[in-house]
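First up is the structure itself, then whatever we jot down about it.
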Amino acid sequence: MATAERALHLPELRTAEERGFLSWLMTVDHKRIGILYLVTSAVFFAAGGVEALLMRTQLIRPDNTFLGPKTFDEILTMHGTTMIFLAVIPLAAAFFNYFMPIMIGARDVAFPRLNALSYWLYLAGALILYSSWFLGGAPDAGWFNYVPLSDAFSGPGENFYILGLLLTGFSSIVSSVNFVTTILNMRAPGMSLMRMPVFVWGTFLWSALLLFSAPPFSVALILLLLDRIAGTGFFVPAMGGNALMWQHLFWIMGHPEVYILAVPAWGVISEVLPTFARKPLFGYRGAVIALFAISSLSFTVWSHHMFATGMGPVVNDAFMVTTKLISLPTGALVFTWLATLWGGRIRYTTAMLFAVGFLPLFIFGGLTGLMLATAPADLQLTDTYFVIGHFHYIAIGGILFSMLAAAYYWLPKMTGRMLDERLGKWSFWITFVGFNLTFFPMHLSGLYGMPRRIYTYSPLLGVDVYNLLSTVGAYVLGVGLLITLVNVARSLAVGKVAGADPWDARTLEWTTPSPVPAYNFRVIPLVRGRDALWYEKQAPDGDGRMRGAEEAAGAIHMPGLTYLPALLALGLLVAAYGVNFKLVWLAALGALITFYSIFRQMFEADRGYLLEPRGESE
Amino acid sequence: MAGRGRHRKVALVPLALAASALLLGGCGTYPQSDFNAVGPISRLQRAALVEDMRFLGVIGIIVIGLVVYAAIRFRHRPGEEETPAQVEGNPRLELAWWVVIALGLIFLVVPPLRDEFVLAQTPQGPGVVHVKVIGHQWWWEFQYPDYNFVTANELHIPVGAKIDLQVTSADVIHSFWVPNIAGTLDAIPGRINTEWFQADRPGVYWGQCKEFCGLNHANMRLRVVAESPADFQKWVDSHQHPVGVAGLTGDALAGWQLFDGAAGCKNCHTIDGTDAKGIIGPNLTGIGSRLGVAAMTLVPNDAQNLSTWLHDPQAVKPGNDMVIPIKLSDQQIRQLIAFLQTQKTYESPQVKAALQNPLAQ
């Protein structure tokens with residue numbers, strides 16, 4: 001651990017090895033930010049999971065009185081909002097942050113400070129949203145927050161929703177700019193665009209989608225905030241506003257959002273399947289084209305959430321066609337994965353189990369999505385439990401399963417320690433069974449007439465048994481996920497040491513030590529093919545080790561620690577409370593902190609510091 | 001471990017199939033089932049649904065079957081240490097699956113395009129019954145402009161007639177849904193949405209608000225009573241000539257006096273043929289013949305359910321607007337119920353059956 005710090009004109013507070021609590025507040029290292037994202041999103045995932053279990057407990061039998069309607073509606077709203085904005089998007093951001101720069105052979109993202117800022121904005125938004133429980137009640141108009149229910153007809157919790165999601169929205173925009181710039185500019189020599197791992201394409205498209213969909217939603221949130229605190233009436237029919245406009249603005253974000261959640265998942269699957277099938281992805285070029293096609297089309301389908309709003313046959317048919325068109329590239333992706341498995345030597349590690357388990361669940365969820373896309377059928381299915389069943393097959397079967405695959409695949413790289421395979425497999429099977437037991441019966445209760453978002457239902461509806469199964473399944477699912485949590489804790493304490501390349505894998509992150517040192521690569525690698533590491537393992541002139549693109553230099557220049565991004569987010573947090581409680585002085589204080597941070601950053605030269613590599617192999 | 005996992009996965013497939021067969025074939029009646037279509041609109045919607053289920057079901061079985069096959073067939077077996085053939089792709093095969101999916105899509109996309117235009121037709125002619133549906137937190141108002149009366153939570157229609165609906169809302173967005181007759185149409189404030197439907201069989205059909213509309217969204221339910229044209233006409237007549245309060249005696253008279261006075265009911269409710277003309281709550285003309293209490297939250301509409309409701313409306317439906325200004329005694333509640341039960345409209349055989357058994361069709 002011979003680390004040294006060389007004298008440039010170094011500002012104060014520079015330690016070569018980041019240590020201690022304060023260093024987490026000040027870090028700009030993409031890997032540590034990735035870990036912050038991972039831990040925070042896991043905490044909120046757990047919160048969202050507990051909320052789900054509370055709802056399922058209320059619905060275990062008809063006419064149940066475990067939760068009253070007010071609590072149920074608050075939990076309903078918080079579950080959806082948490083899972084989408086505070087759990088799954090940041091979970092993807094966690095893996096993107098940690099691995100995307102390494103997978104393209106870079107030492108960090110393009111803008112390390114912006115990267116820190118995006119994390120702190122996310123945390124600030126999440127804290128605002130969750131503080132509502134203690135400051136007058138959580139929002140209760142649903143995660144989709146339709147007006148006028150969310151306007152004059154709901155309590156103070158709505159403001160927390162608006163302000164919280166404004167900050168997480170800014171966070172997403174900031175991340176997106178950063179990731180796109182990084183991918184376009186920071187790739188190692190030889191890493192052409194068409195040699196990038198599909199996971200990096202996932203990062204790129206995730207960023208592009210967020211860049212175009214977060215702003216309209218932010219605008220909608222600001223309009224609604226003005227309606228609520230300044231009486232503007234953008235969405236109030238009596239004042240010349242339009243109640244339906246919110247739905248358009250919301251779903252212009254909300255449908256690309258589905259792909260924002262899914263694209264990272266597909267990226268993970270496209271890395272994990274080839275590694276454990278020990279074959280390259282079948283049809284890389286087609287997969288990239290499919291991802292671009294899906295991402296582009298995702299902006300043309302939002303009104304399929306609104307077939308029942310009376311838009312008329314021409315509009316409904318147009319959105320029906322665009323929606324179904326998405327199944328073309330998506331289907332092509334599925335065949336890409338199938339063909340990747342075909343003829344492989346599949347090693348069923350836990351990561352691979354989750355990745356293969358993803359396939360049937362995702363296919364099933366995709367097919368029920370096509371049923372919902374048929375407008376005349378959707379008029380029956382919309383807003384029933386069928387929809388909940390459908391999108392959880394995508395959200396859990398598709399997305400969470402792939403994120404668990406990512407965790408089992410990459411955590412050893414992040415922590416340096418292996419997860420236990422035995423516990424992992426128990427976790428997979430219990431999760432798999434619990435998941436299907438929870439969500440398959442929902443399709444039936446939906447077809448038999450159970451609407452969504454109801455806190456109680458009549459025993460006469462005849463859907464008791466499906467609800468009972470769903471509730472039991474939800475607890476089984478919870479146990480399955482808990483086992484993974486135990487597994488992670490166990491691994492941190494006593495897990496086997498991972499080494500650089502425990503899976504005999506394909507991409508650049510496996511050429512670095514585990515955990516990855518601050519500078520990622522002692523020598524920036526020279527990329528000679530797609531799946532750069534695998535190429536060196538297979539090439540006749542390769543020896544299984546990466547070649548360097550530069551001479552081994554001495555010390556590596558690193559960006560300095562700074563508290564300014566966290567301070568900026570704190571300023572916006574304070575300002576948000578000022579707006580929420582209509583306290584001008586508090587809002588002004590928040591603005592002051594924010595602008596102080598911005599000006600400090602404008603006029604501060606970060607000279608960074610020099611880090612002596614630890615001397616491990618590259 | 002891997003080996004055991006595989007066997008369990010194989011075992012899971014028939015298990016899942018058996019379970020789903022059991023569930024699909026399970027007994028029980030489903031009054032809001034999408035499959036029990038009794039009119040042209042619901043039949044058209046069911047056909048679109050069932051066609052999709054069949055077509056996509058076959059595709060699902062094939063593709064998921066291929067995945068399961070590949071997952072098992074190409075597993076690593078002990079002793080196989082050589083690296084498999086490194087196939088990067090096959091342009092012809094890839095093009096083939098793009099083309100095959102595109103061809104399949106034609107079958108999926110084209111047929112339902114017509115349906116939306118059928119749904120959007122405006123029915124014309126002398127037999128058409130016009131109804132204006134207004135959603136309220138958390139009950140339904142039904143106006144019959146052709147016959148000039150208003151009712152709530154229970155829509156009566158003649159069998160075989162086209163019903164022209166105009167749907168809107170008085171407060172937040174609701175959604176009108178009676179699955180046996182027709183799918184969803186949103187009730188949006190500041191906007192009138194239209195649809196038409198028709199019931200071909202007499203019966204009582206269940207519906208409920210489908211768009212999340214606040215605290216008691218779950219309890220915003222309704223019934224559609226489809227009856228013979230003659231019965232429907234009698235029901236309309238009974239609304240146009242309501243029973244009123246003349247000739248009430250005993251408990252019923254005392255109940256009316258409470259309704260009209262101390263209990264404050266008439267401030268919010270209308271009963272045609274009396275001086276109760278409040279417009280905040282549901283119109284109660286014919287309440288004695290309705291099928292349920294509190295927008296069908298409590299069914300059937302009997303003395304016990306009325307008593308539960310009148311004892312504490314906020315306990316039954318938290319957050320609703322019904323506030324009784326005095327604390328009603330048990331006797332007063334009995335009197336009010338006696339009065340409400342005198343307020344009857346014509347009861348067709350369908351209504352009589354459903355009053356006995358809420359699930360009767």
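Please read these numbers as outputs of a predicted model, since none were measured by experiment. Naming: A, B, ... by sequence-line order, numbering from 1 per chain.
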(request) Against chain B, work out which of A:F364, A:W337, A:F386, A:W534 has the most heavy-atom pairs shorter than 4.5 Å and name it. (result) A:W534
(message) Keeping B:N305 on the side-chain end and B:V299 on the backbone end, is there a donor-acceptor pair under 3.5 Å?
(response) yes
(request) Please flag which part of B:L113 lies under 4.5 Å from any non-hydrogen atom of chain A: side chain, backbone, both or neither. (result) both
(request) Answer with side chain, backbone, both or neither: which region of A:A375 has an atom nearer than 4.5 Å to a non-hydrogen atom of chain B? (result) both
(message) Quick one: does any side-chain atom of A:D378 pair with a main-chain N or O of A:L381 as donor and acceptor, under 3.5 Å?
(response) no
(request) Identify whether NZ of Lys or CZ of Arg in A:R530 sits under 6.0 Å from the centre of the six-membered ring of A:Y284 and within 45° of that ring's axis. (result) yes
(request) Heavy-atom pairs under 4.5 Å with chain B are the metric here; pick the option from A:Y455, A:F307, A:Y457 that has the most. (result) A:Y455
(request) Let me know if B:A85 has heavy atoms under 4.5 Å from chain A in its side chain, its backbone, both or neither. (result) backbone
(request) Please determine if B:R223 forms a cation-pi arrangement with B:W206, meaning its NZ or CZ atom is less than 6.0 Å from the six-membered ring centre and no more than 45° off the ring axis. (result) yes
(request) Output the option from B:G207, B:C209, B:A182 having the highest count of non-hydrogen pairs under 4.5 Å with chain A. (result) B:A182
(message) Less than 4.5 Å to any heavy atom of chain A: does that hold for the side chain of B:L93, its backbone, both, or neither?
(response) side chain
(request) Would you tell me whether B:Q32 and B:Q208 have side-chain atoms, one donor and one acceptor, within less than 3.5 Å of each other? (result) yes
(request) Kindly compute the distance separating CD (B:E195) from OG1 (B:T122), expressed to the nearest 0.5 Å. (result) 11.5 Å
(message) Need one label for B:N90: side chain, backbone, both or neither, based on atoms under 4.5 Å from any heavy atom in chain A.
(response) both
(message) Just so I understand: if I count every heavy-atom pair under 4.5 Å between each of B:Q137, B:R221, B:M220, B:E51 and chain A, which residue has the most?
(response) B:R221
(message) Please classify the contact between B:W177 and chain A as side chain, backbone, both or neither, with a heavy-atom cut-off of under 4.5 Å.
(response) side chain
(message) I'd like to verify something: which residue of A:G312, A:A308, A:A377, A:A339 has the highest number of heavy-atom pairs under 4.5 Å with chain B?
(response) A:A308
(message) Taking every non-hydrogen pair under 4.5 Å, which of B:L108, B:T83, B:I41 racks up the most with chain A?
(response) B:L108
(request) Go through the atoms of B:D34 and report whether side chain, backbone, both or neither lie under 4.5 Å from a heavy atom of chain A. (result) both
(message) How close do A:D140 and A:S154 get, counting heavy atoms only, and between which atoms?
(response) OD1-CB, 3.8 Å
(message) Which one wins on heavy-atom pair count under 4.5 Å against chain B: A:P280, A:P69, A:P237?
(response) A:P280
(message) With chain B as the partner, which of A:L370, A:L359, A:V321 has the greatest number of non-hydrogen pairs under 4.5 Å?
(response) A:L370
(request) Answer with side chain, backbone, both or neither: which region of A:F144 has an atom nearer than 4.5 Å to a non-hydrogen atom of chain B? (result) side chain
(request) Identify which of B:I59, B:L44, B:D171 forms the greatest number of heavy-atom pairs closer than 4.5 Å to chain A. (result) B:D171
(message) Just so I understand: if I count every heavy-atom pair under 4.5 Å between each of A:T309, A:T336, A:L338, A:L367 and chain B, which residue has the most?
(response) A:T309
